[in-house]
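We name chains A, B, ... by the order of the sequence lines, and we start the count at 1 in each one. No experiment lies behind these values; they were computed from the predicted model shown.
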Number of protein chains: 4
Amino acid sequence: MPGEKDRRRSIGARRNPATEAAVLAAAREVLAEAGYAGFSVDEVARRAGAGKPTIYRWWPNRADLLAEVYFADRAARIPEPETGRLATDLAALARSYLGAWRGSPAGAALRGLLAEAQANEAALVVLWERFLPRWSEPVRGVLGEAARRGEVEPGDIEMLAELFSGFLWLRLLTGQTDDDRAAIDRVARLLASARGRKV
Amino acid sequence: MPGEKDRRRSIGARRNPATEAAVLAAAREVLAEAGYAGFSVDEVARRAGAGKPTIYRWWPNRADLLAEVYFADRAARIPEPETGRLATDLAALARSYLGAWRGSPAGAALRGLLAEAQANEAALVVLWERFLPRWSEPVRGVLGEAARRGEVEPGDIEMLAELFSGFLWLRLLTGQTDDDRAAIDRVARLLASARGRKV
Amino acid sequence: MPGEKDRRRSIGARRNPATEAAVLAAAREVLAEAGYAGFSVDEVARRAGAGKPTIYRWWPNRADLLAEVYFADRAARIPEPETGRLATDLAALARSYLGAWRGSPAGAALRGLLAEAQANEAALVVLWERFLPRWSEPVRGVLGEAARRGEVEPGDIEMLAELFSGFLWLRLLTGQTDDDRAAIDRVARLLASARGRKV
Amino acid sequence: MPGEKDRRRSIGARRNPATEAAVLAAAREVLAEAGYAGFSVDEVARRAGAGKPTIYRWWPNRADLLAEVYFADRAARIPEPETGRLATDLAALARSYLGAWRGSPAGAALRGLLAEAQANEAALVVLWERFLPRWSEPVRGVLGEAARRGEVEPGDIEMLAELFSGFLWLRLLTGQTDDDRAAIDRVARLLASARGRKV
DNA sequence: ATGTAAGCGAGACGGTACGTCTGGTCTTATA
DNA sequence: TATAAGACCAGACGTACCGTCTCGCTTACAT
């Protein structure tokens, strides 16, 4: 029993930041220790010393919680590479993503988010509306920059981003987040050289 | 309820093909009706009139079952396109895959297989060893053919396959299996034009 | 929902009669619609547009609230019968009670009060100190009158009241509040004829 | 975690008596230690080392469980008094019942059963169909015997039983299970002397 | 010809998690 | 200082599924 004294209490009719932080920290911890396999709202509540309804109040879907854990993870802050050549930038970006996922809560969170979305309509919406746009910003940033330099046709940006994302996710989902430089470099060069214009 | 009389019995110390068929049909049915969300061994056993241990005996992981349902689905038999130009072939292939997944048991099975692999080590192994090689045959076939024609460098085949697969999976996982011809054609042209050789 | 404007506010450092009335009305309403099964402080607060702490301030136990709802119910005002013969009076009284309980908030309130007292020491105190003496007034009134007329020995009043109350409660608790005239008349005659003096 | 070894397992497609016994013992224990207030299916399952679904499988209502605990309690085996005079018999019976309830699991179980029936239709059915007939056997036995001796009119048996039961329950529900000999004797004499025939 | 090994349906088992509900307490902002 | 509002922890609710186990039966194969 958590001592009656150090129990976190309501701070009035508004969200308690301490609770929010405790829940996110607990979720992160669970993912770090046991991966998505060990992730459950019960376990998070237990560790956070929070009530389950409190969690469901603020994160109605587990996907919401996973997405928030993802972005809260410092590791998931992808630095935008600025070398000036698309192939190099994409390679750097890919290595950043895979490195950020390797053994980290963020990686487990994304795996969980994707898994969740396969069985849960609401999670799919979260993935689509809340996660994806924000997550792909760096990718679209690098490609946009390349387009401004003339390395990429603007009309190709979207599909290049999708190919690049697909590659990263496939690697994550199949458990290959190791730093496979040869593969990454080749993929980066492939994408950098690709042209989608109809001939 | 299977009448007491026509209950399927053991046929001796070997696998009963009728049971196997009933289980696969039931699994397929569940996936068709309720998707991966409604998929559970209990439900499959119920519908198949089979005992749970019987299912676990032959498909130790749900991933095993999902993979087998996938390949048993007629829709998942991807015809190898033979038009002679890589971009066209890839586009046809992509449309075949997405069409096969759209609203089909196979699509739900693959979504489930991928989801399963995120929380279950054994499922990841199934995905990796039993599913992937067989599943990607058509992709590697088309790319190999193109390499033979000189449209693709042999050293690019692997990563092109991965990019192509990643794209398809991303579309499946985010629920976009609609026949988006513009996107598919563009992706196909991008991949067909890509070169990974170091400059 | 109480509009933002007509929200009930504090009227200073004293109980707001409007709040009190709203809470009692809401409690009554809940009991009428869903019986004791649907009775919860949350639901009452919701309907009354009151805060839970406000309710707990004035009715520290749910039993307090239930008891007050009971007595506030017009139906629970039992008219004291005055026919002059004990058996007839008791029968009239019993029919009054059972009729007052049949499908009424008062009936549900008493059922709830008794249920509450089985798991909650404080509720038992309320039942014993606040509810019982007031509730049994009519019973003791009729018996006292009969004693004054010589129909009953004064020393029997208490236990006769208990027997009579027990009968009514048993009927309530087992869901038999229908107007079973034969049974009621017989019970009334049994009690009217009973003598407890040691022989 | 209960050691993997001494975990109680299924014994095939039929009820495991060891589980049944463990659950009943645990329920009894909870009631003895914490009364009905501390009674919850979760707690019973925890103590019994049983799964909640197992409990709900065999006792769909908490009332079912409470009733079974009641009758399983040795204390609840009421010896049928045989002194030959109704007043004496009834007094002995009343003292047996109240004594059996005093601080015992049976008492708590009955309090709980009655409470449960106030909020739960299914529990009311259990009380009415499964509990009452069996519980009141001794009462009807004593009254029937008296009728055979001519001390009671057969037509009065039913209502006398109800008055007697109502008295005992009222005492239980209001927490008065002490051995109040004066009251018990007087009630017994009142009932023994009562006549319900219409004059 | 018979013993035995394995498959089978059935379904109970302990366990965990689900998502919801309520209890009773606390704090704030408003009046 | 009371009020409405509503957040907070706690923990129970009843259900679904997991993967394992045991039963009682049936059949085929090896002796």
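A close approach under 4.0 Å does occur between a side-chain nitrogen or oxygen of B/T54 and OP1 or OP2 of E/dG9. Taking side-chain N and O atoms only, D/R15 has no distance below 4.0 Å to OP1 or OP2 of E/dG11. At E/dG9, one or more side-chain N or O atoms of B/T19 fall inside 4.0 Å of OP1 or OP2 (strictly under the cut-off). Using a 4.0 Å cut-off, some side-chain N or O of A/R57 falls inside it from OP1 or OP2 of F/dC8.
Atom CD of C/E43 is separated from atom P of F/dA5 by 14 Å (rounded to the nearest Å). Rounded to whole Å, the distance from CZ on C/R47 to P on F/dA5 is 16 Å. The interatomic distance linking D/I55 (CD1) with F/dC13 (C1') rounds to 13 Å, in whole Å. Atom CG of B/D42 and atom P of E/dC13 are 15 Å apart (whole Å). As a whole-Å value, the separation of D/R8 CZ from F/dC21 C1' is 14 Å. The nearest whole Å value for the distance from the CZ atom in B/F39 to the P atom in F/dG19 is 11 Å.
Here A/D64 pairs with A/N61, A/R130 under the side chain to side chain donor-acceptor pair (under 3.5 Å) rule; sequence neighbours left out. When the salt bridge (Lys or Arg N to Asp or Glu O under 4.0 Å) test is applied to A/R47, the partners found at least two apart in sequence or on another chain are A/E29, A/E33, A/E43. Every residue meeting the salt bridge (Lys or Arg N to Asp or Glu O under 4.0 Å) condition with B/R15, not counting sequence neighbours, appears here in chain and number order: B/E20.
For D/A50, the listed nucleotide lying nearest its side chain is E/dG14; candidates were E/dG14, E/dG19, F/dC13. The side chain of C/R46 lies closest to E/dT22, out of E/dT22, E/dA10, F/dC9. Of the candidates F/dC8, E/dT22, F/dC21, the closest approach to any side-chain atom of A/N16 belongs to F/dC8.
Each of A/E116 and B/A48 lies near DNA chain E, and the nucleotide nearest B/A48 is the one positioned closer to the 5' end. Judged by closest nucleotide on DNA chain F, D/V41 is the one of B/N120 and D/V41 placed further toward the 5' end. Of the two residues contacting DNA chain F, namely D/S40 and A/P17, the nearest-nucleotide position lying further toward the 5' end is that of A/P17.
Counting only residues at least two apart or on different chains, the side-chain hydrogen bond (donor to acceptor under 3.5 Å, both in side chains) pairs with a member in residues 117-126 of chain C are C/Q118-D/R111.
Side-chain contact between B/F131 and B/L114: absent, with no pair of heavy atoms (C-beta onward) separated by less than 4.5 Å. Taking 4.5 Å as the limit, some side-chain heavy atom of A/F39 sits within range of a side-chain heavy atom of A/L66. In this structure the side chain of B/Y56 reaches within 4.5 angstrom of the side chain of B/V41, judged on heavy atoms. Between D/I11 and D/P17, the closest side-chain pair of non-hydrogen atoms falls below 4.5 Å. Between C/L173 and D/L124, the closest side-chain pair of non-hydrogen atoms is not below 4.5 Å.
Of the possible donor and acceptor atoms, one in the side chain of D/R8 sits under 3.5 Å from a partner among the backbone N and O of D/A48.
Applying the 3.5 Å distance criterion, the base of F/dG19 shares a donor-acceptor pair with the side chain of B/K52.
For the segment residues 58-69 of chain A, the set of residues with a heavy atom within less than 4.0 Å of an atom of DNA chain F comprises A/W58, in numerical order.
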Anything under 3.5 Å between a protein N or O and an N or O of nucleotides 25-31 of chain F, put it in a table, one pair a line.
unit_1 : atom_1 : unit_2 : atom_2 : d
F/dT26 : O2     : B/S10  : OG     : 3.4

